[in-house]
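All ligand and atom numbering here is 1-based and tracks the order in the structure. Scope of the values below: all heavy atoms of this structure, side chains included, with no hydrogens, waters or symmetry mates.
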Amino acid sequence: MNQHLSATADAAVPIGTSDVPSDVVRLVELKRRFGVTPALDGVSLTVRKGEILGIIGRSGAGKSTLIRCLNGLERPDSGQVFIEGREISRLGERELQPLRRRIGMIFQHFNLLSAKTVEENVALPLKIEGRPRAERLERAAELLALVGLLEKAKAYPASLSGGQKQRVGIARALAARPALLLSDEATSALDPETTRSILALLKDINRQLGLTILLITHEMEVIRSIAARVAVIDAGRIVEQGPVWSVFADPKSAITQSLLGGIRPQLPAEIQSRLTRTESGEAILRIDVAGEAARQPLLSDLAAAVPGSFRLIHGGIDHVQQQPVGTLFLAVPGNDANHLTRVIAFLKARDARVEVLGHVANPV
Ligand SMILES: Nc1ncnc2c1ncn2[C@@H]1O[C@H](COP(=O)(O)OP(=O)(O)O)[C@@H](O)[C@H]1O
Ligand SMILES: [Mg+2]
């Protein structure tokens with residue numbers, strides 16, 4: 001690891017406190033209202049040192065307001081914002097200045113200065129700090145090497161691709177050796193392949209520098225590929241949080257389920273439209289397994305243990321943070337209620353979650 005890039009080298013001086021707290025961010029009952037709309041409605045959350053925490057929510061959920069409260073661009077109506085142990089929500093502009101240097105930020109639309117070269121953009125935070133030119137250029141070169149863009153140092157942003165612009169944005173955000181990197185929809189304007197490369201870079205930086213990252217997105221795929229923990233925000237409230245794999249395996253809230261909809265198996269629409277509540281025809285089962293339960297030969301064991309047939313309609317096992325997380329849809333003949341009961345009992349005994357979604361009259 002490059003000595004110069006160590007986030008801990010001169011980052012070990014927290015503002016105004018003598019001890020180094022393990023929570024980089026702690027929010028307590030944060031509220032912010034615009035007119036009658038509460039943008040934040042009592043958010044409590046911590047971001048631990050060195051982790052990547054993802055916050056996911058739909059448009060208008062309060063994500064950007066939350067991030068703006070962290071760097072003092074927005075003041076909460078009530079509640080507290082602790083950055084490295086120091087409460088900042090009532091600080092004046094002058095006191096906020098050193099704090100803002102502790103926080104780097106990247107944006108959906110990159111926010112680069114088009115009249116400045118790539119290296120000038122990267123060095124800008126250091127220029128604002130009044131650092132000498134030679135030091136600024138040296139640091140810019142280090143950072144451009146880190147993000148793989150050294151050969152673009154003298155180029156202008158207009159000549160770069162979206163992914164390259166975001167790499168410059170990341171380099172600039174790291175210039176002042178922040179303790180925390182905030183990312184507000186930083187990959188939302190990028191194609192899937194470029195998104196993957198930017199997320200891989202952020203993960204690398206997290207590992208190499210131990211940099212704490214708070215990443216905000218409306219895309220579950222982004223959370224899945226980079227975050228270890230996730231918090232789901234809806235209408236200004238944290239409705240659910242936990243390790244990413246466990247939220248994927250067992251989403252508690254309807255909003256989380258709907259955010260997962262695009263990347264977790266769903267009952268095919270043509271079967272969904274034929275589901276009825278009358279208990280005749282085939283029963284359609286949804287089976288969710290995770291962890292140990294997903295490592296077993298569940299279906300072959302079911303076939304061996306319970307006489308009578310069943311059919312796999314759709315589904316599969318996925319891997320999230322090295323944990324298997326699976327959803328299977330089965331059709332079970334409905335002419336023998338005991339058979340269905342035995343199938344469900346067997347699956348539950350294997351720690352699967354089982355739900356009878358309904359019945360379809362004719363085989364699907
Ligand atoms: N400066 C503002 N003035 C008025 N309403 C705002 C302002 N900023 C945000 N809001 C409202 O607060 C809610 C949350 O917005 P925002 O934090 O931008 O959500 P997100 O980033 O999740 O899309 C929305 O209803 C939005 O319209
Ligand atoms: Mg936003």
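- Side-chain contact between Leu285 and Leu357: absent, with no pair of heavy atoms (C-beta onward) separated by less than 4.5 Å.
- Using a 4.5 Å heavy-atom cutoff, the side chains of Met220 and Ile56 are in contact.
- The salt bridge (Lys or Arg N to Asp or Glu O under 4.0 Å) with Glu119 is formed by just one residue from the set Lys154, Arg172, Arg136, Arg139; it is Lys154.
- Checking Ser64 against the Mg ion (ligand 2), an N/O/S atom falls under the 2.8 Å cut-off.
- If you check the side chains of Ser188 and Gln108, you find no donor sitting under 3.5 Å from an acceptor.
- Residue Thr37 has no nitrogen or oxygen atom sitting less than 3.5 Å from a nitrogen or oxygen atom of ligand 1, judged on distance alone.
- In terms of modelled atom types and a separation under 3.5 Å, the side chain of Asp23 and the main chain of Val25 share no donor-acceptor contact.
- Contact annotation: Arg58 has at least one heavy atom less than 4.0 Å from an atom of ligand 1.
- Summarising the local packing, CZ of Arg353 is surrounded by more than 12 heavy atoms from other residues, nucleotides or ligands at distances under 6.0 Å.
- Judged by the shortest distance from any of its heavy atoms, Gly57 lies outside the 4.0 Å radius around the atoms of ligand 1.
- For atom 19 (O) of ligand 1, the closest non-hydrogen atom on the protein side is Gly62 N, 3.2 Å.
- For the atom pair Gln272 CD and Gln266 CD, the distance stands at 9.0 Å (nearest 0.5 Å).
- Protein heavy atom in closest approach to atom 12 (O) of ligand 1: Ala39 CB, 3.4 Å.
- Listed by number with element, the atoms of ligand 1 under 4.0 Å from a non-hydrogen atom of Ser59 are 23 (O).
- Ranking protein heavy atoms by distance to atom 15 (O) of ligand 1, first place goes to Thr65 OG1, 3.9 Å.
- When distances from atom 27 (O) of ligand 1 to the protein are checked, no heavy atom turns up under 4.0 Å.
- Ranking protein heavy atoms by distance to atom 6 (C) of ligand 1, first place goes to Phe34 CD1, 3.3 Å.
- Under 4.0 Å from ligand 1, not a single heavy atom of His218 appears.
- At the shortest separation from atom 24 (C) of ligand 1 among protein heavy atoms lies Gly60 O, 3.8 Å.
- Closest to atom 18 (O) of ligand 1, if we only count protein heavy atoms, is Ser64 CB, 3.8 Å.
- Using modelled atom types, one finds no donor on one side chain facing an acceptor on the other under 3.5 Å when comparing Thr187 with Glu185.
- A side-chain donor-acceptor contact under 3.5 Å links Asp191 and Thr194.
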